[in-house]
Number of protein chains: 2
Amino acid sequence: MALLDTRGVDALTMRNIAEGLGCTQASLYRHVRNREELVTLLVDRALSVASSVPPGDTDWAEKAAWSARLFREHLLRHPGVASLLRGTERLGPNSLAGVQYSLDLFIGAGFSPRLAYAAAASLATFIIGSVNFNLGLDSSDPEESRHRRLLYRSRDAATLPLIVQHADALAEVSSDDEFEVGLKALLTGFRALIQNPDITHD
Amino acid sequence: MALLDTRGVDALTMRNIAEGLGCTQASLYRHVRNREELVTLLVDRALSVASSVPPGDTDWAEKAAWSARLFREHLLRHPGVASLLRGTERLGPNSLAGVQYSLDLFIGAGFSPRLAYAAAASLATFIIGSVNFNLGLDSSDPEESRHRRLLYRSRDAATLPLIVQHADALAEVSSDDEFEVGLKALLTGFRALIQNPDITHD
DNA sequence: ACCTGAACACCGTTCAAGT
DNA sequence: ACCTGAACACCGTTCAAGT
């Protein structure tokens with residue numbers, strides 16, 4: 001985990017891990033079937049934040065938003081974990097604790113267990129996807145926004161008129177903004193689904 | 001692309017690509033700076049579906065849902081592409097065509113350019129995240145559902161009561177269900193944001 | 001049981017040398 | 001300009017041999 005945080009996902013090799021642990025690479029295969037199993041264990045351990053509890057005097061949507069932001073910030077602080085996060089470790093103990101917590105929240109809000117599960121999965125998918133999709137980019141870097149503005153401006157106005165026309169406004173939208181809009185939409189949508197469950201299939 | 005589809009992402013090595021092209025691996029570096037650049041080019045090319053046009057006699061939300069499903073199905077048919085899809089190729093020509101199309105749709109629905117962009121990005125993030133997160137799993141495989149049911153049932157009822165209690169119902173939720181719930185929630189949320197823009201920040 | 005050293009079959013990338 | 005062969009410094013994994 002220390003190796004992943006300090007030197008990134010590319011440095012997470014069996015040789016480097018073994019060195020950090022003070023043994024040979026071959027020794028690792030006594031404790032783990034292969035590299036993938038090691039990664040799965042590592043990622044599940046890194047997911048322990050999922051069980052943090054939000055402030056208690058708010059409604060379910062605010063709690064969900066709080067937890068979603070906490071989870072996202074945790075992943076942003078540990079980009080290596082985010083890049084390794086695939087469906088594989090979904091069934092690990094810490095992931096399941098997160099599922100249990102989400103079910104509790106969404107069932108309490110009025111969802112059926114089925115819908116609560118799907119809603120929790122959607123939210124997790126969005127959070128993880130959001131971090132993964134912005135991994136290379138640093139939203140706090142003003143250079144990134146400038147780079148995108150210049151790129152948008154220089155596109156072909158005949159085929160991409162809206163991008164060229166609104167280049168300045170679009171370049172200002174950060175990954176934080178994207179996340180907040182999506183989060184808000186998801187939670188608002190969840191609330192509508194609770195109040196009117198028959199629209200779940202149209 | 002053929003190599004990626006038939007033999008998967010692990011087989012997409014410079015040596016295999018060169019072989020398929022009938023040259024040496026070293027020759028590839030005449031046309032491309034490194035492997036990452038080649039992948040970026042490949043993925044953007046694979047994203048050309050993004051510009052398919054939905055049936056015209058429906059409202060913006062139905063068009064968005066149609067395009068979202070089309071995009072997801074395309075990625076599911078080409079899992080290798082999904083696994084390579086990171087933020088890197090976001091600025092390629094095909095990606096930008098998709099952005100232009102989404103902006104057109106969402107601005108037409110009543111969003112400001114900024115919000116339209118954020119909404120489009122959220123939706124894309126959700127679709128890609130959804131496919132990526134379910135990459136290893138085959139939702140059409142009944143064995144997968146059974147495996148999850150048994151796993152949920154056998155958890156500790158004291159720490160994960162809801163998972164154990166609703167094991168059967170939860171195991172039946174497929175990645176298709178998850179996607180549809182999330183998509184519905186996002187689009188419903190977008191509609192609410194359009195009708196009441198001041199809730200964009202609370 | 002756990003560890004080691006050495007090997008195996010791979011990677012991405014570079015570079016002098018060819019045409 | 002484009003290609004080649006050969007090399008470099010890495011991978012994940014295996015296995016006989018040690019304790």
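Heavy atoms only: backbone and side chains are in, while hydrogens, waters and symmetry mates are out.
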Toward the 5' end of DNA chain C, by each residue's nearest nucleotide, B:Asn34 or A:Arg30: A:Arg30
Base-pairing mate for D:dG5 - Watson-Crick or G-U, with both contacts under 3.5 Å: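 WC or wobble partner is C:dC15.
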For residues B:Phe126 and B:Phe179, establish whether the separation of their ring centroids is below 6.0 Å.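 Centroid distance B:Phe126-B:Phe179: below 6.0 Å, so yes.
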Ion pair present between [X] and [Y], side-chain N to carboxylate O less than 4.0 angstrom?
X: B:Arg15; Y: B:Glu19; value: no
X: B:Arg72; Y: B:Asp176; value: yes
X: B:Asp5; Y: B:Arg77; value: no
X: A:Asp59; Y: A:Arg191; value: yes

N/O (side chain, [X]) to phosphate O (OP1/OP2, [N]) under 4.0 Å:
X: B:Ser27; N: D:dC2; value: no
X: A:His31; N: C:dA1; value: no
X: A:Thr24; N: C:dT4; value: yes

Interatomic distance, [X] [atom1] vs [N] [atom2] [rounded to whole Å]:
X: B:Glu36; N: C:dG12; atom1: CD; atom2: P; answer: 13 Å
X: A:Leu28; N: C:dC2; atom1: CG; atom2: P; answer: 13 Å
X: A:Asn16; N: D:dG12; atom1: CG; atom2: C1'; answer: 13 Å
X: B:Leu38; N: C:dT13; atom1: CG; atom2: C1'; answer: 14 Å
X: A:Gln25; N: C:dC3; atom1: CD; atom2: P; answer: 14 Å
X: A:Met14; N: C:dC3; atom1: CE; atom2: C1'; answer: 15 Å
X: A:Leu21; N: C:dT4; atom1: CG; atom2: P; answer: 11 Å
X: A:Tyr29; N: C:dA1; atom1: OH; atom2: C1'; answer: 19 Å

A:Arg15 has a side chain; which of D:dG5, D:dA7, D:dC11 sits nearest to it?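 Nucleotide nearest to A:Arg15's side chain: D:dC11.
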Assign A:Thr13 to base, sugar-phosphate, or nothing according to its heavy-atom contacts below 4.0 angstrom with the strands shown. sugar-phosphate
So what does A:Arg35 hit on the nucleic acid, given a heavy-atom distance under 4.0 Å: a base, only sugar-phosphate, or nothing?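 Here A:Arg35 touches the backbone only, sparing every base.
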Map A:Asp10 and A:Arg33 onto DNA chain D by nearest heavy atom, then report which one ends up closer to the 5' terminus. A:Asp10
